Structure formats: structure tokens, C-alpha cells
Number of protein chains: 2
Amino acid sequence: MAATASDGTVAKALEVLDQVAAYGRPVRFSDLLDQSPYPKATLYRLLQTLVGQGMLSFDPDRSCYALGLRLVRLAHAAWQQSSLAPIARPYLDRLSAEVGETVHLAQLDHAQVLYVDKRNARDPIPMYSQAGKVGPAYCTGVGKAMLAYLPDNTLPAILAQQSWHAFTPKTLSSPEAMRAELDAIRVRGFAFDDEEHEPGIICVALPILSSRGGVLGALSVTSTTARTSLQELQKLVPTIQQIAQTIAQETETWRFPEDGATPMRKRA
Amino acid sequence: MAATASDGTVAKALEVLDQVAAYGRPVRFSDLLDQSPYPKATLYRLLQTLVGQGMLSFDPDRSCYALGLRLVRLAHAAWQQSSLAPIARPYLDRLSAEVGETVHLAQLDHAQVLYVDKRNARDPIPMYSQAGKVGPAYCTGVGKAMLAYLPDNTLPAILAQQSWHAFTPKTLSSPEAMRAELDAIRVRGFAFDDEEHEPGIICVALPILSSRGGVLGALSVTSTTARTSLQELQKLVPTIQQIAQTIAQETETWRFPEDGATPMRKRA
DNA sequence: AAACAAGTTCTAAATAATGAAACCTGCAAG
DNA sequence: CTTGCAGGTTTCATTATTTAGAACTTGTTT
């Protein structure tokens with residue numbers, strides 16, 4: 001059940017892939033070996049396979065492994081066929097143009113926030129988030145907006161997985177504090193991030209909910225305390241709300257092209 | 001040696017992953033089964049493993065498989081640790097701001113062009129390319145710019161893998177025509193795309209070359225025949241050239257942080 | 001109600017993964 | 001030089017996983 005279960009060879013290979021990813025830079029064989037539970041020969045063969053498959057690349061000059069381009073190809077396909085991101089894209093463009101501030105689209109992945117798309121502010125501000133990056137759920141606007149609408153039976157498990165690290169003095173760093181906050185969010189209908197993750201960074205966030213109340217993702221508009229305030233940002237809620245609803249509707253409506261039509265005979 | 005070699009279990013699993021990716025939309029089990037060389041039970045288990053690993057997601061309502069979010073996470077890491085893309089990023093921003101037209105950064109992946117980053121024109125034009133997408137090498141500006149500087153011994157293999165499909169009347173669709181074109185590009189120092197891939201779309205492209213002449217990637221500025229001409233675009237060459245060189249230098253200079261320093265003891 | 005199609009589980013047999021140990025390097029110290 | 005050594009690669013008998021035929025469920029069509 002755990003991710004590190006001895007599921008099979010594929011799991012081991014993917015574990016190695018994650019390890020390389022975690023390094024964040026090209027790695028030599030022995031670096032990996034030190035951290036690996038597998039013996040030399042096994043690790044070696046796993047790496048060979050991954051390189052052979054284009055999931056890793058190997059630089060013979062520096063004898064270093066790095067993540068391969070096949071991943072980028074696959075991820076592009078993943079993004080495209082996810083039901084949310086491609087549909088939301090034009091609306092993000094519109095929202096971005098309208099408000100001129102940083103706009104995020106995020107989904108929940110395991111217990112974390114995955115930023116699936118982003119538009120920079122007209123006058124960009126440096127910050128943590130990036131499309132494809134994951135962030136904490138308990139101290140980001142999008143994260144809290146999604147947590148607030150999770151079904152009661154899944155919420156505890158998710159909360160249990162948060163690190164509750166206090167990034168800033170304002171970070172809510174306990175499940176209890178969070179439950180109160182989530183109640184407030186449900187009453188309000190949207191979430192704030194009041195410098196809970198990065199000092200000076202604030203945002204308003206709204207969940208994207210399916211008609212049956214399921215959490216599809218979240219939208220946020222982010223700025224800085226230097227430029228604006230939560231009061232100001234709150235004025236954008238109706239606009240964001242409107243867009244979140246449109247995206248939700250379209251996501252539910254849009255069945256993939258052809259679906260009942262002649263299912264296209266295979267093999268002539 | 002071929003990609004479909006019976007390399008092992010990992011290869012099979014990845015093949016299935018590609019298959020799902022190729023569908024471009026959620027797939028049902030039997031759709032995959034029809035196209036799969038594996039028997040029911042085998043395919044079934046492979047899918048289970050991939051879902052368990054988060055490489056695929058499974059929607060029980062529609063009983064459909066789709067690519068999973070773990071891929072997006074991995075790909076982000078891949079992009080970040082590739083030596084080219086993160087370094088080039090600020091320069092793309094600058095180039096984009098300066099010229100106001102669509103800007104591409106591409107690398108060669110197998111025999112194809114992989115767009116690793118992109119900036120839209122101030123007034124965006126609809127076109128094929130997208131970050132993460134692959135495209136043909138023989139009929140795009142970035143593709144030809146890179147082909148022109150490939151070492152003689154690898155070029156033939158790459159050319160042999162092109163489809164030579166004539167997307168437009170202007171597409172160069174034979175290795176012979178291409179060799180002449182590549183000679184011209186080397187003399188000129190940059191490549192054009194004169195509506196060879198999409199009608200009405202033109203561009204100038206320059207390779208990003210390492211100090212030893214290796215092809216690291218390519219940069220292009222793209223527009224439409226309605227808006228400008230190749231003559232006009234050509235005026236941008238010095239600007240692009242300059243940026244391509246800067247990127248190349250920085251890529252070569254930038255060794256990852258710490259490298260000779262105390263290699264950070266593992267395991268206390 | 002019967003037939004069917006899609007999806008799931010079981011199993012012995014086949015196959016692929018494993019890892020200890022031996023083997024290459026090239027380099028640095030004696 | 002030549003010895004020792006660390007990083008990397010290969011071998012091979014052993015072991016564990018994967019395989020795929022067939023039987024079984026379940027839900028849907030005629």
C-alpha cells in the first residue's frame with residue numbers, strides 16, 4: 001500500500017527515477033548507490049534499463065545520470081489529456097489579462113498541491129510556485145481552498161500527511177487550527193493565503209467543484225503586501241468564482257471527441 | 001537496440017505508458033488490449049502496477065485509464081535539471097520582450113525536435129508548437145538549425161528517420177534537398193522556415209552551440225507572412241545570435257553548485 | 001432468460017531479476 | 001614502477017517475479 005512497497009521491478013525502477021529527480025542535478029553512480037537499498041549490480045542494471053528507455057540520460061564525459069527527455073514528452077501528453085488543464089487554459093489567459101496579477105491553477109496530488117498551470121503578473125514577482133512544481137497544501141491558498149471541500153472521510157488522512165512546518169509566523173501549523181480555518185473557508189466560499197507560505201505573498205483562492213461537489217482543482221490570484229491587500233484581492237472573488245464555475249461546467253460537459261461513435265476498427 | 005526491444009519488464013510497462021499517451025485521451029482496458037501484444041492478464045497487471053505507482057490514474061466511474069500526475073512532477077524535475085532550459089529561461093523572457101513575436105527554445109530528441117520552452121507573441125498566433133511537444137526536424141526552423149551543425153557521422157542516421165512528409169508545397173521533402181539546405185544554413189549561420197511546416201508561418205532560427213561545436217539546442221523567432229517577411233525577420237538575427245551565444249557560454253560555465261567541495265557525507 | 005462482453009483472479013511453467021564475487025580500469029600514493 | 005584502491009562493469013548460479021491460459025464474476029445486450 002505504501003509507495004515503497006515491493007510491488008515489482010517496475011516500482012524499483014521508478015523509485016530510482018525519483019531518486020535521480022530528488023537530486024535535482026546530474027548524479028554519479030556512487031552517489032545513488034549510497035542512498036540506494038539495492039546492491040551495486042542491481043542498481044547498475046536498473047540505471048541501464050532506464051537510460052535505454054530514455055527515461056534517464058547519461059553523460060559519458062562527466063559520467064552522470066540525469067532525467068531524460070522522454071519524461072518531458074510524456075508529461076506533455078499527461079497535461080494535455082488531464083481533463084482540467086487544457087480546458088482551463090483559455091480561461092486562465094482571460095483571468096490573467098483581466099486582473100494583471102499572478103494566476104495559478106492547481107490540483108491535489110496525494111496530499112500536496114500540484115501547480116498545473118500559471119500566468120505571471122504583468123509585473124512579475126519572484127515566488128516559489130511554478131507549473132509542474134508541488135507545494136504544501138496546508139499553507140497555500142489553492143491548497144486550503146481544496147482541503148475545505150474534501151469529503152469528511154478523506155480529509156483526516158490528508159491532514160495527517162502535512163508537514164505543518166511553520167514557514168512564516170502566520171503559518172497555521174496544526175490540524176486543529178486548520179479545521180477551524182477550513183470551516184471558515186466553507187462559510188466564506190473562498191480561501192485566503194495571508195503570508196502563510198512566503199512572507200509578503202498573499203492570495204485569494206477558490207475551489208473548482210464538480211456539480212456533485214467533488215474537488216477538481218483550485219484557482220488563485222496572488223500578489224504582494226507591497227502592492228495590495230487581502231481586502232483589495234477579495235474584490236476579485238466574483239470574477240474568479242465565475243471563471244471557476246465555467247471551467248467546472250465545461251470539464252463535466254466535455255466528453256472526449258467521439259465516444260459513442262463508431263469506435264474505429266482496429267487492425268483493418 | 002531498438003526501442004521495442006524485449007528489454008525487460010520495465011520496458012513493457014513504459015511501452016504501455018506510451019500507448020496510453022498516444023491515445024491522447026482516457027482509454028478503456030479493452031482499447032488498450034486490442035493494440036497490445038500482451039495477453040489480457042499481463043496487460044491487466046501492468047496497468048495495475050502503473051496505477052499503483054501513480055504513473056497512470058484510473059477513473060472508476062468511466063473505467064478509464066489516463067496519464068498520472070506523477071509524470072508531471074517528474075517532468076518538472078527533468079526540465080529543471082536539464083542544463084539548457086532553466087538557464088535559457090530569463091533570456092527567452094528578454095528576447096520575447098524585445099521582439100514581441102513568438103519565441104521557441106528547442107532541443108533534439110532522437111530525430112525529432114522537442115520544444116522545451118516557448119513565449120507567445122504579444123499578439124498570439126495559433127500554431128502547432130507547444131512546450132513539451134515534439135515536432136519534425138526537417139521542416140522547422142529550429143530543427144534545420146540543429147541538423148546543420150550535427151557531426152557528419154550522426155547526420156545520416158538522423159536524416160534517415162525523417163518522414164519527409166510534405167506538409168506544404170514548400171516543404172523540403174528529400175535528404176538531398178536537405179543536404180543542400182543545410183550547407184546554405186552553415187554558410188549563412190542561421191536557418192529560415194519559409195512556410196515549410198505550416199502555411200503562413202515563417203521563422204528565423206539559430207543553433208545554440210557549445211564551444212567545441214556541439215549542438216545544445218536552438219532558438220527561433222516565429223511570425224506570419226501576414227505580419228512580416230523573412231527579410232524583416234532576418235534583421236533580428238544579431239539579437240538572437242547574441243542571446244544564443246550567451247546561453248551557450250553560461251551553460252558551459254555553470255557547473256552545478258558545489259562539485260569539488262566536500263561531497264556531503266551520506267549516512268552521518 | 002440466455003448469451004455475451006468486459007474485467008478479474010488463479011495457477012504451474014517460463015522467464016527475468018538478483019546480488020555475491022570476480023574483474024576491469026585509471027589514478028594516487030608508496 | 002608497482003601496489004593499492006575506488007569507481008564502475010560483468011558473470012553466473014540462485015531466486016523470485018512475471019507470464020498467459022483458462023476459469024470465473026459481473027454487468028449489459030438481445
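Please read these numbers as outputs of a predicted model, since none were measured by experiment.
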Measuring from A:Q19:CD to A:L47:CG, what's the distance to the nearest 0.5 Å? 8.5 Å

Under 4.0 Å between a Lys/Arg side-chain N and an Asp/Glu carboxylate O for B:D18 and A:R70? yes

Reading nucleotides 25-30 of chain D 5' to 3', which nucleotides get B (base under 4.0 Å from a protein heavy atom), which S (sugar-phosphate only), which -? ------

State the OH-OG1 distance between A:Y91 and A:T246, to the nearest 0.5 angstrom. 6.0 Å

For the pair made of CG in A:L43 and C1' in C:dA17, what is the distance, rounded to whole Å? 14 Å

Are any of B:T9's side-chain N or O atoms less than 4.0 Å away from OP1 or OP2 of C:dA17? yes

Please list, pair by pair, any protein nitrogen or oxygen found under 3.5 Å from a nitrogen or oxygen in nucleotides 5-11 of chain C.
| residue | atom | partner | partner atom | Å |
| --- | --- | --- | --- | --- |
| C:dG7 | OP2 | B:S30 | N | 3.1 |
| C:dG7 | OP2 | B:S30 | OG | 3.4 |
| C:dG7 | N7 | B:K40 | NZ | 2.8 |
| C:dG7 | O6 | B:K40 | NZ | 2.9 |
| C:dT8 | O5' | B:Y44 | OH | 3.1 |
| C:dT9 | OP2 | B:Y44 | OH | 3.4 |

Please determine if a side-chain N or O atom of A:T42 lies less than 4.0 Å away from the OP1 or OP2 oxygen of C:dG19. yes

Atom-to-atom span, OH of A:Y38 to C1' of D:dT17 - whole angstrom: 14 Å

Between B:F29 and B:Y44, how do the two ring planes meet: parallel, tilted or perpendicular, split at 30° and 60°? perpendicular

Interatomic distance, A:L216 atom CG to A:Q107 atom CD [nearest 0.5 angstrom]: 8.0 Å

Does a side-chain N or O of A:R45 approach OP1 or OP2 of C:dA17 to a distance below 4.0 Å, or not? no

When rounded to the nearest 0.5 angstrom, what is the spacing between CG in A:L74 and CE in A:M55? 6.0 Å

Would you call B:W79 and A:L71 a side-chain contact if the rule is heavy atoms closer than 4.5 Å? no

Send over the distance from B:L33 CG to D:dA20 P, rounded to a whole Å. 12 Å

Taken to the nearest 0.5 Å, the spacing of B:M146 CE from B:L108 CG works out to 5.0 Å

